[in-house]
**Student:** 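First, the structure itself, so that you have it in front of you.
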Amino acid sequence: MAAVLRCMECGAEYSLGEIRYRCRCGGLLDVAHDLGSLRVSRELFEEREAGQGPEPWRRSGVWRFRELVLPVESQLIVSRPEGNTPLYRSAALARWVGLEDFSVKHEGENPTGSFKDRGMTVGITWAKALGAKAVACASTGNTAASMAAYAAMAGLKAIVFVPQGKVALGKIAQALAYGALTLEVEGDFDAAMSLVQESCRELGIYLLNSVNPFRIEGQKTIVFELIQDLGWDPPDWIVFPAGNLGNTAAFGKALWELRELGLIPRMPRLAAVQAAGANPLYRSYARGFAPLEPVRAETVATAIRIGNPVSFPRAVRSLRWTEGVVVEVTDQEIMDAKAVVDAAGIGCEPASAAAVAGARKLVSQGVIKRSERVVAVLTGNLLKDPEATVSYHAGKLQGIEPRFANRPRRIAPSLEAVAEALEEGRR
Ligand code: F0G
């Protein structure tokens, strides 16, 4: 049996080539692979990583797992190439989080600076295969930047819908530079999300938000690669920030498939971290997975400033599959964690730091044991949001105490002034 689109609610099936994002019943769709017929093994993925080769897709950390991602001809693949991101360890960071074995998988070191490239290589490849001429997404910034870049490489028209005034500088710069038609919607992300869905339906544009199941297939490879990085010995926990819940959906599906295939002996537990001001998943979780109640979102971590997450049902499924937990962290905790990640020389954007803040909180609550092995996923690059970083260090971020500030010092152009500054720095 070939892969099909399957509704996660009613099980209805559609061919992969049909352009649809939801089932007739309204349920979200999965790309369902016929796992029993796939010839995959740890050795195959190891060989591909070692073998590489000239075409970009052969050097991609997404397409290395192609059987589990998308059955498509190699010539059609649009790849930068993405993935193969580093797994960093920092003793100082581990100590701050309270763990002996803590590492961070830096998805901000993808071609456009966020994990979105993993889903976008698949989404754009499939858009091209379907013969689409234009693609669109609503975005808090990173999806827009990634889609704009991949669409430009594939020769597709890109249209991005972003919440006006709430997108970090680096991301809006990328969308404009890569040539996307950039629509600043007077409203929040959730308003942009509903407008883009209507626009795609009415205007025949291919939708590339993570409601699109092909995006999720690419994002699964964060987990595949992370487990490969660890020599196929899965960690106890994978901790990551959660906004529109695409990653929560993808990570659970990835783990479920790995276990079905016998590639891992057990599933790590997922820990989804939300900003306290944008916490609909946390609220549902705290009441035993009560139905989603959208919230009006506000947080310094604009990437996850989302009140009505599209992938909610898939996220709940992932958390149930993996005995997962959800935790919320304040903006102060996010910016503290960011300062510590940054000062370790690793660096990330605020939303990514939420993962580290969440890991620390779960350790302090005793949910994660100090002896457990934990990987946090850093989703976006430090350079995405220079304003948040500079404002923090200058002590100008509203409502945030700059506990780890590294203030710039203005000096006269003289050796005495330098000596004085060094002396001050030692104190
Ligand atoms: N971290 C970063 C840096 C993000 O950009 C996002 C989402 C998330 C975490 C949350 O991931 O949505 O899968 O739960 N950014 C989207 C965007 C919404 O438009 O770029 P999620």
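Basis for what follows: all heavy atoms, side chains included, without hydrogens, waters or symmetry-related copies. Start at 1 and go down the list; that is how both ligands and their atoms are numbered.
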**Student:** Just one of Glu225, Glu257, Lys220 clears the side chain to side chain contact (heavy atoms under 4.5 Å, CB included) bar with Phe65, so which one?
**Tutor:** Glu225

**Student:** Need the ligand 1 atom indices (1-based, order shown) with element for anything under 4.0 Å from a heavy-atom of Ser139.
**Tutor:** 17 (C), 19 (O), 20 (O)

**Student:** Using a 4.0 Å heavy-atom cut-off, which part of Lys384 comes near ligand 1: side chain, backbone, both, or neither?
**Tutor:** neither

**Student:** Please list, in number order, the atoms of ligand 1 under 4.0 Å from a heavy atom of Leu245.
**Tutor:** 12 (O), 13 (O), 14 (O), 21 (P)

**Student:** Using a 4.0 Å heavy-atom cut-off, say whether Lys116 meets ligand 1 through its side chain, its backbone, both or neither.
**Tutor:** side chain

**Student:** Is the closest heavy atom of Ala242 to ligand 1 under 4.0 Å?
**Tutor:** yes

**Student:** Which atoms of ligand 1 sit under 4.0 Å from any heavy atom of Ala351?
**Tutor:** 1 (N)

**Student:** Below a 4.0 angstrom heavy-atom separation, can you tell me which part of Phe115, side chain or backbone, both or neither, approaches ligand 1?
**Tutor:** side chain

**Student:** For the CD1 atom of Ile238 and the CE atom of Met267, what is their distance to the nearest 0.5 Å?
**Tutor:** 11.0 Å

**Student:** Can you tell me how far the CH2 atom of Trp237 sits from the CZ atom of Phe102, to the nearest 0.5 Å?
**Tutor:** 13.5 Å

**Student:** Short list, please: which atoms of ligand 1 are under 4.0 Å from a heavy atom of Thr140?
**Tutor:** 15 (N), 16 (C), 17 (C), 18 (C), 19 (O), 20 (O)

**Student:** In the structure I gave you, are the side-chain heavy atoms of Leu292 and Pro309 within less than 4.5 Å of one another anywhere?
**Tutor:** yes

**Student:** Given that the side chain starts at C-beta and the backbone is N, CA, C, O, which of these parts of Ala303 lies under 4.0 Å from ligand 1, counting heavy atoms, or is it both or neither?
**Tutor:** both

**Student:** Considering Val160, Ile304, Thr379, Leu281 one by one, which has a heavy atom nearer to atom 8 (C) of ligand 1 than any of the others?
**Tutor:** Ile304

**Student:** Within the 3.5 Å criterion, strictly below it, is a donor on Tyr150 or Glu82 matched to an acceptor on the partner's side chain?
**Tutor:** yes

**Student:** Under 4.0 Å from a heavy atom of Gly246: which atoms of ligand 1 are those, numbered in the order shown and with their elements?
**Tutor:** 13 (O), 14 (O), 21 (P)

**Student:** Could you check atom 5 (O) of ligand 1 against the protein and tell me its nearest heavy-atom contact, residue, atom and distance included?
**Tutor:** Asn142 ND2, 2.8 Å

**Student:** For atom 20 (O) of ligand 1, what's the nearest protein heavy atom and its distance?
**Tutor:** Thr143 N, 2.8 Å

**Student:** Please report which non-hydrogen protein atom sits nearest to atom 13 (O) of ligand 1, along with the residue it belongs to and the distance in Å to one decimal place.
**Tutor:** Asn247 N, 2.8 Å

**Student:** Is the closest N or O pair between Lys171 and ligand 1 shorter than 3.5 Å?
**Tutor:** no

**Student:** Is the closest heavy-atom distance from Ser114 to ligand 1 below 4.0 Å?
**Tutor:** no

**Student:** In terms of the angle between their ring planes, are Tyr285 and Phe289 parallel, tilted or perpendicular, with boundaries placed at 30° and 60°?
**Tutor:** perpendicular

**Student:** Short N/O distance, under 3.5 Å, between Gly243 and ligand 1?
**Tutor:** yes

**Student:** Under 3.5 Å, which donor-acceptor pairs link side chains of residues 1-8 to any protein atom two or more places apart or in another chain?
**Tutor:**
residue : atom : partner : partner atom : Å
Arg6    : NE   : Glu13   : OE2          : 2.9
Arg6    : NH2  : Glu13   : OE2          : 3.0

**Student:** Taking the side chain as everything from C-beta on, heavy atoms only, tell me whether Ser318 gets closer than 4.5 Å to Trp256.
**Tutor:** no

**Student:** Between side-chain atoms of residues 176-189 and protein atoms elsewhere (two or more places apart, or another chain), which donor-acceptor pairs fall under 3.5 Å?
**Tutor:**
residue : atom : partner : partner atom : Å
Thr182  : OG1  : Ala180  : O            : 3.0
Asp188  : OD1  : Asp190  : N            : 3.3
Asp188  : OD1  : Ala191  : N            : 3.0

**Student:** Rounded to the nearest 0.5 Å, what's the gap from OG on Ser114 to NZ on Lys171? Could you check?
**Tutor:** 7.5 Å

**Student:** Looking only at heavy atoms, what is the nearest atom pair of Pro280 and Val295, with distance?
**Tutor:** CD-CG2, 3.8 Å

**Student:** Measuring from Leu270:CG to Leu255:CG, what's the distance to the nearest 0.5 Å?
**Tutor:** 5.5 Å

**Student:** My understanding is that we take every heavy atom of each candidate and find the minimum distance to atom 12 (O) of ligand 1. Doing that for Thr248, Asn244, Val377, which one comes out nearest?
**Tutor:** Asn244

**Student:** If I apply the N/O under 3.5 Å rule, does Ile306 come out as touching ligand 1?
**Tutor:** no

